[in-house]
Amino acid sequence: MLDINTLRNNQAAVIDGLKKRNLGPEIEDVIAKIVKLDDRRKTVQTELDQQLALVNLKSREIGELFKSGQQDQAATLKSEVVEIKKAVKDMETTLAQTILEIETIVIDLPNVPHNSVKAGKGAEDNEITKENLENMPRFEGITALPHWDLAEKYNLIDFKLGVKITGSGFPVFRGKGAKLERGLIHFFLSEASEAGYEEIMPPLLVNEDTARATGQLPDKEGQMYFVEKDNLYLIPTAEVPLTNLLRGDILKRSELPVKLAGYTPCFRREAGSYGSDVKGLNRVHQFDKVEIVQVADPAHSYQVLDEMVAHVEMLLQKLELPYRILRLCGGDMGFTSALTFDFEVYSAAQEKWLEVSSVSNFETFQSNRLKLRFRDGDEKPQLVHTLNGSALALARIMAAILENNQDAEGVKIPRVLHSFTGFDRI
RNA sequence: GGUGAGGUGGGUGAGUGGCUGAAACCACCGGUUUGCUAAACCGACGUACUCUUAACGGGGUACCGCGGGUUCGAAUCCCGCCCUCACCGCCA
């Protein structure tokens, strides 16, 4: 959620920024309305506080009068206070309504894009900042099979069994498929540790406060599985529990950056998805992912973003996959992000680019709701910047590895994984 | 699932209706003393909102799990909810 004071102090910049997200000129009225409502909030607040101060003062006097036995004067004062309290009640109602009204508007505003983000309609306007095709496969003498065929042929993933025990979108990994999956998780976690991230194994179910603080609620309620009986949500990404570990904290500047990494399965309902997008591992309801999170000093958060982008790129290079990096345009960026780089790998048999990572700086958009702040010495606490990225999403990486490394006899495993899988071929 | 106890500041913990934003102790921070360290002593030590000030700062309000209620006045009394702990049962 946007911070109202920042919004007030930078109205023009906020408006310009939000227009890059395809919001029309009416956004100017929205911002003006927020400021006007907030002005009213302040006025009411001040008035209310003054009345409450009066009540407190008189109440103390009543106490004194009682002690000195002046009952009738106390009674007079009492009736005065009762009158004031009636007015107080009204003001409290007005204040609560005004605050609610402001929040209702602000909560629907997406994050203000970073300066470097270009306006754009959607995915077609994203800018490819880098493309590395040196590991593009050449299938000589074979017809390349899509990964779902390879998975069946070599008994790696059983989609039908998944349907039997759960439903579509819940693949069963088995044999070397399961080992490859485990090896990839292990590899990603090792690399994260190497890069200085603390490894975390968080709960996979979270409560409502947690889902709200990172912005899944109310925005993406329909995307999450919900356990009604216990009021818990299955996490759609490790970002949710990892970032919430620090909810409400006031850190010292010297404690920044906080670097966390975690492997979790991710659960997504993917309501409304259909077609070739959901075939095989391209889009499933449960998939594995290693996520990296950083909580950073606002002064350095864009360096941190670069560092995280470099980390993800390094992983893809080690896996010997063709990839490209996209800087998302305003129209394609997530609601909470200020700047996002997407990573796609080329899955050569499908002849498709698959998104395997999204690395974002949320600036204070998340920390505002998380109430996650830092302090330098005895300064006032201020909001931190939060960042996260997938490093990496497993299912699609698996798809690309299988498709790109196939030959007539099987599938070659990237060298860097051999020590994790225990085999070099499927 | 059953029964009981309890949720107070970074921590321990006092406080059962009135100058209590909250004792005391510990931790943290600043200082004094001191070959160094430790100890001792002194001081500061919450957050949010808001008003005021050029600024340093000062004033007000709210917050003792959360939400309501009673009262002139609530950490303290009442109601609802949430959570934690202990014991029993079940169990990886």
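All of these numbers come straight from a predicted model, not from anything done at the bench.
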Worksheet item: Can you check the A:L48 CG to B:C49 P distance for me, whole Å?
Response: 16 Å
Response to the item:
Partner of B:A54 under the Watson-Crick or G-U wobble criteria, both distances under 3.5 Å, comes out as none
Worksheet item: What interatomic distance, in whole Å, is found between C1' of B:U20 and the corresponding atom of B:A62?
Response: 15 Å
Worksheet item: Which whole number of Å gives the distance between the P atom of B:G65 and that of B:A14?
Response: 15 Å
Worksheet entry | Backbone N/O of A:F362 and side chain of A:S360: donor-acceptor pair under 3.5 Å | no
Discussion item. For a quick test of reading the model: is some side-chain N or O of A:K85 closer than 4.0 Å to OP1 or OP2 of B:G73?
Written reply: yes
Worksheet item: What residues form a side-chain hydrogen bond (donor to acceptor under 3.5 Å, both in side chains) with A:R247, not counting sequence neighbours?
Response: A:T210, A:N244
Item to complete: Pick base, sugar-phosphate or nothing for A:K58, based on heavy-atom distances below 4.0 Å to the nucleic acid.
Response: nothing
Worksheet, complete the sentence: When A:K252 and A:N5 are each assigned the nearest nucleotide of RNA chain B, the 5'-most assignment goes to A:K252
Worksheet item: A:Y263 and A:H186: aromatic ring centres closer than 6.0 Å?
Response: no
Worksheet item: A:L370 CG to B:A48 P: how many Å, rounded?
Response: 16 Å
Practice prompt. Write down the partner of B:U84 under the Watson-Crick or G-U wobble criteria, each distance required to be under 3.5 Å.
Written response: B:A5
Item to complete: Could you work out the separation of B:G58 and B:A40 based on their C1' atoms and round it to a whole Å?
Response: 36 Å
Worksheet item: Expressed as a whole number of Å, how far does the P atom of B:G13 sit from that of B:A86?
Response: 15 Å
Item to complete: Describe the nucleic acid contact of A:L52 in one word from base, sugar-phosphate, nothing, applying a heavy-atom distance below 4.0 Å.
Response: sugar-phosphate
Worksheet item: So, is A:N56 close to the B:G60 phosphate, meaning a side-chain N or O under 4.0 Å from OP1 or OP2?
Response: no
Worksheet item: When the distance from CG of A:N231 to P of B:C83 is rounded to whole Å, what number comes out?
Response: 9 Å
Practice prompt. Go ahead and name the base partner of B:A38; Watson-Crick or wobble counts if both distances stay under 3.5 Å, otherwise write none.
Written response: none
Worksheet entry | Identified side chain to side chain contact (heavy atoms under 4.5 Å, CB included) partner of A:K289 from the options A:V356, A:T237, A:L392 | A:T237
Worksheet item: To the nearest 0.5 Å, how far apart are CD in A:Q51 and NZ in A:K86?
Response: 14.0 Å
Discussion item. In whole Å, I'd like the distance from the CG atom of A:L232 to the C1' atom of B:C83.
Written reply: 13 Å
Worksheet item: With sugar-phosphate meaning primed atoms plus P, OP1 and OP2, does A:K89 contact a base, only sugar-phosphate, or nothing at under 4.0 Å between heavy atoms?
Response: sugar-phosphate
Practice prompt. Using the C1' atom on both, measure B:G18 against B:G9 and round to a whole Å.
Written response: 22 Å
Practice prompt. Please report, rounded to the nearest Å, how far the P atom of B:C49 is from the CG atom of A:D39.
Written response: 16 Å
Item to complete: Please determine, for B:U20, whether a Watson-Crick or G-U wobble partner exists with both distances under 3.5 Å, and give it or none.
Response: none
Worksheet entry | Atom-pair distance (CG on A:D209; C1' on B:G65), nearest Å | 12 Å
Item to complete: Could you give the distance separating B:A5 and B:C77 at their P atoms, to the nearest angstrom?
Response: 15 Å
Discussion item. With rounding to the closest Å, how many angstrom separate the C1' atoms on B:C83 and B:C91?
Written reply: 23 Å
Worksheet entry | Whether over 12 other heavy atoms sit under 6.0 Å from A:M201 CE | no
Worksheet item: Which one, B:U47, B:C49, B:C51, comes nearest to the side chain of A:R373?
Response: B:U47
Discussion item. Any side-chain N or O of A:R375 below 4.0 angstrom from OP1/OP2 of B:G46?
Written reply: no
Discussion item. If I pick the P atom on B:G7 and the same atom on B:G59, what distance separates them, to the nearest angstrom?
Written reply: 33 Å
Practice prompt. Give, for atom CD of A:E255 and atom CD1 of A:I250, the distance between the pair rounded to the nearest 0.5 Å.
Written response: 11.0 Å
Worksheet entry | Counter-base of B:C28, judged by Watson-Crick or G-U geometry with both distances under 3.5 Å | none
Discussion item. When both hydrogen-bonding distances must be under 3.5 Å and the geometry is Watson-Crick or G-U wobble, what is B:A62 paired with, if anything?
Written reply: B:U47
Item to complete: Can you tell me the pairing partner of B:A75 across any strand shown, Watson-Crick or G-U wobble, with both distances under 3.5 angstrom?
Response: none
Discussion item. On RNA chain B, does the nearest nucleotide to A:T46 precede the nearest nucleotide to A:A53 from the 5' side, or the other way round? Give the residue.
Written reply: A:T46
Fill in: Separation of atom CD in A:E379 from atom P in B:G46, rounded to whole Å
16 Å
Fill in: Partner nucleotide of B:C90 by Watson-Crick or wobble geometry (both distances under 3.5 Å)
none
Worksheet entry | Rounded distance (Å) that lies between atom P of B:C49 and atom CZ of A:R41 | 8 Å
